[in-house]
Q: 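Before I ask anything, here is the structure I am working with.
Just follow the structure's listing: the first ligand is 1, and inside any ligand the first atom is 1. Position 1 is the first residue of the sequence; numbering continues from there. Predicted, not measured: the structure shown is a model, and the values here were computed from it.
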Amino acid sequence: MNQIIIESVYKIYGGIVETVALENFNEQIDEGEVVAIAGPSGSGKSTLLSCIGGILRPTSGKIIVDSDDITKFSDSKLVNYRRDHVGLIYQDFNLISQFTIYENVALPLLIAGKKNDFIQERVDSLLESLDIKRYKKTYPQYLSGGEQQRVSIAVALANDPQIILADEPTGNLDLEARKKVLSLLIEKAVAYKKTLIIATHDPFILEKVNRVIHLSKGKR
Ligand SMILES: Nc1ncnc2c1ncn2[C@@H]1O[C@H](COP(=O)(O)OP(=O)(O)OP(=O)(O)O)[C@@H](O)[C@H]1O
Ligand SMILES: [Mg+2]
């Protein structure tokens, strides 16, 4: 079972002013759930996603994924966890502009040490299923925002991670593109039985997910 259990998590950022971004946060997200994390700006949505994705370590508390507490992982184990279990999608697409669409999607597979034949097949099928195969040899800057976001969904799905984390994935898109990208993202998550967690303000997304977790000042 790829369940995510978040137990008494605090994230306190240091600095000139100390910010309590997550305060005694508890939640359970089951395998295959499609959930949104909603809340005003500064309520801790991105911080929570980063903690689940192993990008940030909570100040205290536990995050149990598949019965392992990832907050106890060594740095190298955490790198492997991110590579093998987590796919990330951001508002600004995070594509590499010097790489073609094909190369962008192939990169995580190369890093994971996959063989060339496997990579070609996998990338082609992902591009096909996200309806962007015709852009294979072109570069991200020649694509529309919605198309670029579909490429970043392909990148996130490439290594077949169990958890997909999307931070304001439709933030920069117009309504039509938002609808298309989001429907595709949810459709793929459900088809491949992924756990999908989306941090967002977008009312359109909140309607489409199974469950909304409301955050306010780092608390539920
Ligand atoms: N690296 C950091 N250093 C210090 N404080 C931070 C850092 N990152 C976030 N914070 C603070 O933690 C709080 C939660 O930030 P977070 O980015 O998680 O909110 P958010 O809900 O994602 O907001 P938004 O909707 O604007 O993206 C905010 O008060 C923010 O200023
Ligand atoms: Mg944020």
Q: Do the non-hydrogen side-chain atoms of I163 and L165 ever get within less than 4.5 Å of each other?
A: yes

Q: Measure the distance from atom 17 (O) of ligand 1 to every protein heavy atom, then report the residue, atom name and distance (to 0.1 Å) of the closest one.
A: S46 CB, 3.7 Å

Q: Take atom 9 (C) of ligand 1 and look for protein heavy atoms under 4.0 Å from it; say yes if you find one, no if not.
A: yes

Q: Determine, using heavy atoms of H201 and all atoms of ligand 1, whether some pair is separated by less than 4.0 Å.
A: yes

Q: Quick check on atom 31 (O) of ligand 1 - does any protein heavy atom sit closer than 4.0 Å to it?
A: no

Q: Considering only non-hydrogen protein atoms, determine which one is nearest to atom 19 (O) of ligand 1 and report residue, atom name and distance to 0.1 Å.
A: G44 N, 3.3 Å

Q: Any side-chain heavy atom of I101 within less than 4.5 Å of one from L127?
A: yes

Q: Would F204 and V34 show up in the same hydrophobic cluster when neighbours are defined by side-chain heavy atoms closer than 4.5 Å?
A: yes

Q: Do any N/O/S atoms of S41 come under 2.8 Å of the Mg ion (ligand 2)?
A: no

Q: Measure from NZ or CZ of K77 to the centre of the six-membered ring of Y81 and say whether it is under 6.0 Å with the direction within 45° of the ring axis.
A: no

Q: Tell me the protein heavy atom at minimum distance from atom 26 (O) of ligand 1, and give that distance in Å.
A: S41 OG, 2.5 Å

Q: Give the C-alpha distance, both sets of side-chain angles, the deciding distance and a yes or no for side chain to side chain donor-acceptor pair (under 3.5 Å) between Y10 and E23.
A: CA-CA 5 Å; Y10 283 78; E23 186 175 351; 5.3 Å; no

Q: Taking heavy atoms and a distance under 4.0 Å, where does T47 meet ligand 1: side chain, backbone, both or neither?
A: both

Q: Would you say the side chain of I119 lies within less than 4.5 Å of the side chain of Y102, judging by non-hydrogen atoms?
A: yes

Q: Which of the numbered atoms in ligand 1 are below 4.0 angstrom from a heavy atom of A21?
A: 12 (O), 13 (C), 14 (C)

Q: Taking the side chain as every heavy atom from C-beta outward, state whether Q162 and K194 have any pair of such atoms under 4.5 Å apart.
A: no

Q: Give a yes/no verdict on whether any heavy atom in G15 is under 4.0 Å from an atom of ligand 1.
A: no

Q: Which residue holds the protein heavy atom closest to atom 13 (C) of ligand 1, what is that atom called, and what is the gap in Å?
A: G42 O, 3.7 Å

Q: With a 4.0 Å cut-off on N to O distance, would you call E31 and K193 a salt bridge?
A: no

Q: Does the side chain of I132 come within less than 4.5 Å of V151's, by heavy atoms?
A: yes

Q: Number the atoms of ligand 1 from 1 as they appear, then name those within less than 4.0 Å of a heavy atom of S43, with their elements.
A: 19 (O), 21 (O)

Q: Measure from the side-chain N and O atoms of N26 to the backbone N and O of N24, and report whether any donor-acceptor pair falls under 3.5 Å.
A: yes

Q: Tell me the protein heavy atom at minimum distance from atom 29 (O) of ligand 1, and give that distance in Å.
A: T19 CG2, 3.5 Å

Q: Determine whether the side chain, the backbone, both or neither of P40 has a heavy atom under 4.0 Å from any heavy atom of ligand 1.
A: backbone

Q: Among all protein non-hydrogen atoms, which one is nearest to atom 1 (N) of ligand 1, and what is the separation to 0.1 Å?
A: Y13 CE2, 3.7 Å

Q: Is the closest heavy atom of G39 to ligand 1 under 4.0 Å?
A: no

Q: Just need the protein heavy atom nearest to atom 25 (O) of ligand 1, so name the residue and atom and give the distance.
A: K45 NZ, 2.7 Å

Q: Do V65 and H85 have side chains that get closer than 4.5 Å, going by heavy atoms?
A: no

